[in-house]
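Structure first, then comments.
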2 protein chains.
Amino acid sequence: MPEDERLPQPATPDIDLVTVLHALGDPVRMRLLLSYADGAEHSCAPRDLGLEHLHKSTVSHHMRVLREAGVTTTRVAGRNRFVSLRRTDLDTRFPGLLDALLTAAPQQARTGPGA
Amino acid sequence: MPEDERLPQPATPDIDLVTVLHALGDPVRMRLLLSYADGAEHSCAPRDLGLEHLHKSTVSHHMRVLREAGVTTTRVAGRNRFVSLRRTDLDTRFPGLLDALLTAAPQQARTGPGA
DNA sequence: GCAACAGTTTGACGCTCGTCAAACACTATG
DNA sequence: CATAGTGTTTGACGAGCGTCAAACTGTTGC
(Lines give C-alpha, C1' and ligand atoms only; values in the text may rest on other atoms or scores of the structure.)
Protein backbone atom coordinates (compact mmCIF):
# COMPACT_ATOMS: atom_id res chain seq x y z
CA MET A 1 0.00 0.00 0.00
CA PRO A 2 1.13 3.57 -0.58
CA GLU A 3 2.99 4.77 2.43
CA ASP A 4 2.34 8.43 1.69
CA GLU A 5 -0.50 10.57 0.45
CA ARG A 6 -0.97 14.14 -0.65
CA LEU A 7 -3.18 16.73 0.90
CA PRO A 8 -5.97 18.11 -1.33
CA GLN A 9 -4.82 20.66 -3.88
CA PRO A 10 -6.23 22.17 -7.06
CA ALA A 11 -5.55 20.44 -10.37
CA THR A 12 -3.12 22.29 -12.59
CA PRO A 13 -5.74 23.76 -14.96
CA ASP A 14 -7.71 25.01 -11.96
CA ILE A 15 -4.91 27.15 -10.56
CA ASP A 16 -6.18 30.71 -10.57
CA LEU A 17 -3.76 33.56 -11.20
CA VAL A 18 -5.44 36.08 -8.92
CA THR A 19 -5.58 33.49 -6.15
CA VAL A 20 -1.87 32.79 -6.56
CA LEU A 21 -1.03 36.49 -6.46
CA HIS A 22 -3.20 36.95 -3.41
CA ALA A 23 -1.43 34.06 -1.72
CA LEU A 24 1.97 35.55 -2.54
CA GLY A 25 0.96 39.07 -1.53
CA ASP A 26 1.93 38.43 2.07
CA PRO A 27 5.48 38.74 3.46
CA VAL A 28 5.34 35.48 5.38
CA ARG A 29 4.15 33.46 2.42
CA MET A 30 6.69 35.12 0.14
CA ARG A 31 9.39 34.01 2.55
CA LEU A 32 7.97 30.49 2.43
CA LEU A 33 8.11 30.59 -1.37
CA LEU A 34 11.78 31.51 -1.22
CA SER A 35 12.42 28.66 1.18
CA TYR A 36 10.72 26.26 -1.20
CA ALA A 37 12.56 27.64 -4.21
CA ASP A 38 15.38 25.15 -3.71
CA GLY A 39 13.06 22.46 -5.01
CA ALA A 40 13.51 20.33 -1.91
CA GLU A 41 10.89 19.14 0.51
CA HIS A 42 10.54 21.04 3.76
CA SER A 43 8.98 20.21 7.07
CA CYS A 44 6.37 22.47 8.63
CA ALA A 45 8.41 23.45 11.66
CA PRO A 46 8.62 27.24 11.96
CA ARG A 47 12.29 27.04 12.99
CA ASP A 48 13.18 25.31 9.73
CA LEU A 49 11.71 28.20 7.76
CA GLY A 50 13.09 31.27 9.51
CA LEU A 51 9.74 31.85 11.19
CA GLU A 52 10.60 31.24 14.83
CA HIS A 53 8.63 34.32 15.75
CA LEU A 54 5.36 32.80 14.51
CA HIS A 55 3.15 30.28 16.20
CA LYS A 56 3.04 26.86 14.57
CA SER A 57 -0.67 27.22 13.91
CA THR A 58 -0.02 30.45 12.05
CA VAL A 59 2.56 28.75 9.86
CA SER A 60 0.12 25.91 9.28
CA HIS A 61 -2.46 28.46 8.15
CA HIS A 62 -0.07 30.06 5.66
CA MET A 63 0.92 26.71 4.23
CA ARG A 64 -2.71 25.85 3.73
CA VAL A 65 -3.24 29.08 1.79
CA LEU A 66 -0.29 28.28 -0.46
CA ARG A 67 -1.44 24.72 -1.03
CA GLU A 68 -5.06 25.66 -1.75
CA ALA A 69 -3.84 28.29 -4.19
CA GLY A 70 -1.87 25.62 -6.03
CA VAL A 71 1.57 26.96 -5.18
CA THR A 72 2.75 24.03 -3.08
CA THR A 73 2.07 20.35 -2.62
CA THR A 74 2.14 18.47 0.67
CA ARG A 75 3.16 14.85 1.02
CA VAL A 76 2.10 13.05 4.16
CA ALA A 77 4.55 10.48 5.51
CA GLY A 78 3.86 9.18 8.97
CA ARG A 79 3.58 12.05 11.36
CA ASN A 80 5.55 14.38 9.12
CA ARG A 81 4.38 16.48 6.21
CA PHE A 82 6.75 17.47 3.46
CA VAL A 83 5.96 20.61 1.52
CA SER A 84 7.44 21.46 -1.85
CA LEU A 85 6.90 23.82 -4.73
CA ARG A 86 4.69 22.78 -7.69
CA ARG A 87 7.25 24.19 -10.05
CA THR A 88 6.38 22.30 -13.22
CA ASP A 89 2.67 22.75 -12.68
CA LEU A 90 3.09 26.49 -12.24
CA ASP A 91 5.43 26.72 -15.21
CA THR A 92 2.85 24.91 -17.30
CA ARG A 93 0.00 27.11 -16.20
CA PHE A 94 1.81 30.45 -16.08
CA PRO A 95 5.02 30.29 -18.12
CA GLY A 96 7.76 32.53 -16.81
CA LEU A 97 5.88 33.70 -13.76
CA LEU A 98 7.71 31.65 -11.18
CA ASP A 99 11.08 32.46 -12.68
CA ALA A 100 10.28 36.15 -12.62
CA LEU A 101 9.12 35.97 -9.02
CA LEU A 102 12.11 33.99 -7.83
CA THR A 103 14.43 36.38 -9.62
CA ALA A 104 12.71 39.48 -8.30
CA ALA A 105 12.20 38.50 -4.68
CA PRO A 106 15.81 37.87 -3.60
CA GLN A 107 17.04 40.79 -5.66
CA GLN A 108 14.70 43.06 -3.78
CA ALA A 109 16.04 41.76 -0.48
CA ARG A 110 19.44 43.22 -1.42
CA THR A 111 18.48 46.42 -3.27
CA GLY A 112 14.90 47.11 -2.32
CA PRO A 113 13.06 49.28 0.19
CA GLY A 114 14.01 47.12 3.10
CA ALA A 115 17.75 47.38 2.45
CA MET B 1 4.43 76.14 -16.76
CA PRO B 2 3.61 72.43 -16.97
CA GLU B 3 0.00 71.96 -17.77
CA ASP B 4 -0.11 68.54 -16.15
CA GLU B 5 1.23 66.87 -13.03
CA ARG B 6 1.48 63.39 -11.67
CA LEU B 7 -0.09 62.02 -8.53
CA PRO B 8 2.36 60.76 -5.87
CA GLN B 9 3.84 57.36 -6.58
CA PRO B 10 6.81 55.34 -5.33
CA ALA B 11 10.17 55.74 -7.05
CA THR B 12 11.21 52.76 -9.12
CA PRO B 13 13.72 51.33 -6.59
CA ASP B 14 11.09 51.60 -3.88
CA ILE B 15 8.56 49.37 -5.61
CA ASP B 16 8.01 46.40 -3.34
CA LEU B 17 7.29 42.98 -4.82
CA VAL B 18 4.94 41.78 -2.10
CA THR B 19 3.02 45.06 -2.30
CA VAL B 20 2.65 44.67 -6.06
CA LEU B 21 1.45 41.08 -5.70
CA HIS B 22 -0.99 42.12 -3.02
CA ALA B 23 -2.30 44.88 -5.27
CA LEU B 24 -2.75 42.42 -8.14
CA GLY B 25 -4.32 39.74 -5.95
CA ASP B 26 -7.77 41.19 -6.45
CA PRO B 27 -10.01 40.47 -9.44
CA VAL B 28 -11.00 44.09 -10.00
CA ARG B 29 -7.42 45.32 -10.00
CA MET B 30 -6.32 42.46 -12.24
CA ARG B 31 -8.96 43.55 -14.71
CA LEU B 32 -7.64 47.10 -14.50
CA LEU B 33 -4.15 45.80 -15.21
CA LEU B 34 -5.41 44.09 -18.34
CA SER B 35 -7.12 47.29 -19.43
CA TYR B 36 -3.87 49.18 -18.98
CA ALA B 37 -1.84 46.52 -20.77
CA ASP B 38 -2.39 48.27 -24.10
CA GLY B 39 0.06 50.93 -22.97
CA ALA B 40 -2.42 53.72 -23.52
CA GLU B 41 -3.75 56.22 -21.04
CA HIS B 42 -7.19 55.55 -19.61
CA SER B 43 -9.70 57.70 -17.82
CA CYS B 44 -11.10 56.75 -14.43
CA ALA B 45 -14.67 56.27 -15.57
CA PRO B 46 -15.93 52.81 -14.56
CA ARG B 47 -17.74 52.42 -17.91
CA ASP B 48 -14.44 52.77 -19.78
CA LEU B 49 -12.96 49.89 -17.83
CA GLY B 50 -15.69 47.28 -17.91
CA LEU B 51 -16.60 48.08 -14.33
CA GLU B 52 -20.08 49.53 -14.72
CA HIS B 53 -21.24 47.49 -11.76
CA LEU B 54 -18.91 49.33 -9.38
CA HIS B 55 -19.33 52.73 -7.81
CA LYS B 56 -16.92 55.37 -9.02
CA SER B 57 -15.49 55.77 -5.53
CA THR B 58 -14.71 52.07 -5.45
CA VAL B 59 -12.86 52.32 -8.74
CA SER B 60 -11.00 55.34 -7.42
CA HIS B 61 -9.93 53.29 -4.40
CA HIS B 62 -8.59 50.46 -6.56
CA MET B 63 -6.67 52.86 -8.75
CA ARG B 64 -5.09 54.39 -5.70
CA VAL B 65 -3.94 50.96 -4.53
CA LEU B 66 -2.37 50.28 -7.91
CA ARG B 67 -0.66 53.66 -8.02
CA GLU B 68 0.69 53.47 -4.47
CA ALA B 69 2.02 49.99 -5.20
CA GLY B 70 3.92 51.40 -8.18
CA VAL B 71 1.95 49.58 -10.85
CA THR B 72 0.40 52.62 -12.50
CA THR B 73 1.04 56.31 -12.92
CA THR B 74 -1.60 59.03 -13.02
CA ARG B 75 -1.30 62.22 -15.02
CA VAL B 76 -3.55 65.09 -14.05
CA ALA B 77 -4.80 67.27 -16.90
CA GLY B 78 -7.58 69.67 -16.09
CA ARG B 79 -10.45 67.81 -14.55
CA ASN B 80 -9.38 64.54 -16.07
CA ARG B 81 -6.86 62.00 -14.80
CA PHE B 82 -5.10 59.66 -17.18
CA VAL B 83 -3.85 56.39 -15.78
CA SER B 84 -1.26 54.22 -17.50
CA LEU B 85 0.99 51.28 -16.73
CA ARG B 86 4.55 51.87 -15.47
CA ARG B 87 5.82 49.23 -17.83
CA THR B 88 9.46 50.20 -18.12
CA ASP B 89 9.75 50.87 -14.40
CA LEU B 90 8.29 47.47 -13.59
CA ASP B 91 10.45 45.76 -16.20
CA THR B 92 13.50 47.42 -14.68
CA ARG B 93 12.63 46.45 -11.15
CA PHE B 94 11.23 42.96 -11.79
CA PRO B 95 12.39 41.70 -15.19
CA GLY B 96 9.94 39.35 -16.86
CA LEU B 97 7.26 39.69 -14.22
CA LEU B 98 4.89 41.91 -16.14
CA ASP B 99 5.27 39.87 -19.32
CA ALA B 100 4.49 36.70 -17.42
CA LEU B 101 1.45 38.25 -15.78
CA LEU B 102 0.09 39.71 -18.98
CA THR B 103 0.59 36.38 -20.73
CA ALA B 104 -0.99 34.39 -17.94
CA ALA B 105 -4.02 36.50 -17.18
CA PRO B 106 -5.78 36.56 -20.55
CA GLN B 107 -4.89 32.93 -21.18
CA GLN B 108 -6.63 32.00 -17.98
CA ALA B 109 -9.72 33.87 -19.07
CA ARG B 110 -10.03 31.41 -21.96
CA THR B 111 -8.86 28.14 -20.42
CA GLY B 112 -9.02 28.66 -16.69
CA PRO B 113 -11.42 27.84 -13.89
CA GLY B 114 -13.90 30.43 -15.02
CA ALA B 115 -14.19 29.02 -18.54
C1' DG C 1 -21.21 83.42 -11.23
C1' DC C 2 -23.32 79.06 -11.73
C1' DA C 3 -24.25 74.62 -13.22
C1' DA C 4 -22.32 70.46 -15.01
C1' DC C 5 -18.40 67.42 -14.96
C1' DA C 6 -14.41 64.16 -13.26
C1' DG C 7 -12.69 62.28 -9.69
C1' DT C 8 -11.39 62.05 -4.52
C1' DT C 9 -12.28 61.73 0.35
C1' DT C 10 -14.80 60.45 4.33
C1' DG C 11 -17.67 57.52 6.99
C1' DA C 12 -20.06 53.46 7.55
C1' DC C 13 -20.96 48.50 6.92
C1' DG C 14 -19.90 43.52 6.59
C1' DC C 15 -16.41 40.42 5.51
C1' DT C 16 -11.82 38.60 5.32
C1' DC C 17 -7.22 38.23 7.09
C1' DG C 18 -3.19 37.32 10.27
C1' DT C 19 -2.21 36.01 14.71
C1' DC C 20 -2.29 33.43 19.02
C1' DA C 21 -3.81 29.92 22.31
C1' DA C 22 -5.89 25.79 23.38
C1' DA C 23 -7.74 21.59 22.07
C1' DC C 24 -7.57 17.99 18.87
C1' DA C 25 -5.96 14.02 15.58
C1' DC C 26 -2.63 10.95 14.19
C1' DT C 27 1.88 8.53 14.27
C1' DA C 28 5.89 6.68 16.30
C1' DT C 29 8.20 4.90 20.28
C1' DG C 30 8.92 3.18 25.07
C1' DC D 1 -1.20 1.07 26.56
C1' DA D 2 0.96 5.39 27.61
C1' DT D 3 3.72 8.94 26.22
C1' DA D 4 5.85 12.16 23.26
C1' DG D 5 6.13 14.28 18.62
C1' DT D 6 4.25 16.67 14.31
C1' DG D 7 1.00 19.23 12.60
C1' DT D 8 -4.14 20.71 12.11
C1' DT D 9 -8.44 22.69 13.65
C1' DT D 10 -11.25 25.74 16.25
C1' DG D 11 -12.35 29.97 18.49
C1' DA D 12 -11.25 34.48 19.56
C1' DC D 13 -9.41 39.10 18.71
C1' DG D 14 -7.90 43.32 16.31
C1' DA D 15 -6.73 45.08 11.92
C1' DG D 16 -7.46 45.71 7.16
C1' DC D 17 -10.20 45.29 2.86
C1' DG D 18 -14.01 46.04 -0.68
C1' DT D 19 -18.08 48.33 -1.28
C1' DC D 20 -21.45 52.05 -1.34
C1' DA D 21 -23.35 56.63 -0.44
C1' DA D 22 -22.78 61.27 0.40
C1' DA D 23 -20.07 65.24 0.69
C1' DC D 24 -16.29 67.53 -1.14
C1' DT D 25 -12.43 69.65 -4.48
C1' DG D 26 -11.19 71.46 -8.54
C1' DT D 27 -12.22 72.36 -13.66
C1' DT D 28 -14.81 73.44 -17.82
C1' DG D 29 -18.22 75.98 -20.12
C1' DC D 30 -22.53 78.64 -20.48
Side-chain angles (χ1 to χ4, degrees), chain A residues 1-9 16 18-33 35-36 41-69 72-84, chain B residues 1-9 16 18-33 35 41-69 71-84:
Chain A
M1 61 298 195
E3 170 184 322
D4 55 342
E5 289 176 19
R6 305 205 93 90
L7 261 39
Q9 63 182 37
D16 178 65
V18 172
T19 304
V20 169
L21 297 182
H22 178 263
L24 265 23
D26 174 276
V28 171
R29 293 192 291 262
M30 178 55 73
R31 176 183 274 264
L32 287 174
L33 178 74
S35 296
Y36 300 149
E41 291 185 319
H42 293 257
S43 89
C44 301
R47 63 185 171 283
D48 295 347
L49 298 163
L51 299 174
E52 300 86 351
H53 55 106
L54 288 180
H55 198 277
K56 59 177 182 175
S57 64
T58 302
V59 175
S60 181
H61 160 70
H62 285 300
M63 294 196 306
R64 178 208 274 254
V65 172
L66 288 175
R67 176 171 45 82
E68 292 183 344
T72 58
T73 186
T74 300
R75 182 172 63 90
V76 179
R79 64 186 175 190
N80 297 311
R81 277 104 200 269
F82 295 104
V83 180
S84 57
Chain B
M1 62 296 196
E3 169 184 321
D4 56 344
E5 291 176 17
R6 306 204 92 89
L7 261 40
Q9 63 183 37
D16 178 64
V18 172
T19 304
V20 169
L21 297 182
H22 178 263
L24 264 24
D26 175 276
V28 171
R29 293 192 290 263
M30 178 56 72
R31 176 182 274 263
L32 287 173
L33 178 74
S35 296
E41 291 185 320
H42 293 256
S43 89
C44 302
R47 63 186 171 285
D48 295 347
L49 299 161
L51 298 174
E52 300 87 352
H53 55 107
L54 288 181
H55 199 276
K56 59 178 181 174
S57 64
T58 302
V59 175
S60 180
H61 160 70
H62 285 300
M63 294 196 306
R64 178 207 273 254
V65 172
L66 287 175
R67 177 170 45 81
E68 292 184 343
V71 176
T72 58
T73 186
T74 300
R75 181 172 63 90
V76 179
R79 66 185 174 191
N80 298 311
R81 278 102 199 272
F82 294 104
V83 180
S84 57

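Below, read A as the first sequence line, B as the second, and so on, with proteins coming before strands; counting in each chain starts at 1. Values below: every heavy atom of this structure, side chains too, minus hydrogens, waters and symmetry copies.
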Atom pair distance, as rounded to whole Å: [atom1] in [X] and [atom2] in [N]:
X: B:F82; N: D:dT27; atom1: CZ; atom2: C1'; result: 13 Å
X: B:E68; N: D:dG18; atom1: CD; atom2: P; result: 12 Å
X: A:E41; N: D:dG7; atom1: CD; atom2: P; result: 12 Å
X: B:M63; N: D:dC17; atom1: CE; atom2: P; result: 18 Å
X: B:R29; N: D:dG18; atom1: CZ; atom2: C1'; result: 9 Å
X: B:E5; N: D:dG26; atom1: CD; atom2: C1'; result: 13 Å
X: A:N80; N: D:dT6; atom1: CG; atom2: C1'; result: 6 Å
X: B:D26; N: D:dT19; atom1: CG; atom2: P; result: 6 Å

Requested in this report: Grab the two heavy atoms, one from A:M63 and one from A:T72, that are nearest each other, plus how far apart they are.
Outcome: O-OG1, 4.2 Å
What I'd like to find out is whether the side chain of [X] reaches to under 4.5 Å of the side chain of [Y], using heavy atoms alone.
X: B:E68; Y: B:P8; result: no
X: A:H61; Y: A:V65; result: yes
X: A:Y36; Y: A:L49; result: yes
X: A:C44; Y: A:V59; result: no
X: A:L32; Y: A:L51; result: yes
X: A:D26; Y: B:L21; result: no

Query raised in the report: If you walk 5' to 3' along DNA chain C, what is the first nucleotide with an atom under 4.0 Å of a heavy atom in chain A, and what is the last?
Result: C:dC17 to C:dA28
Query - Pairwise 5' ranking along DNA chain D for A:R79 and A:L7, keeping only the more 5' one - result: A:R79
Query raised in the report: A:R81 side chain N/O closer than 4.0 Å to the phosphate oxygens (OP1, OP2) of D:dT8?
Result: yes
Query raised in the report: With distance as the sole test, does A:R29 use its side chain to make a donor-acceptor pair with the main-chain N or O of A:A23 at under 3.5 Å?
Result: yes
Query raised in the report: Would you say B:H42's side chain and B:S35's backbone share a donor-acceptor pair under 3.5 angstrom?
Result: yes
Requested in this report: Please list, by residue number, the residues of residues 51-62 of chain B whose heavy atoms come closer than 4.0 Å to an atom of DNA chain C; answer none if no residue qualifies.
Outcome: B:K56, B:S57, B:S60
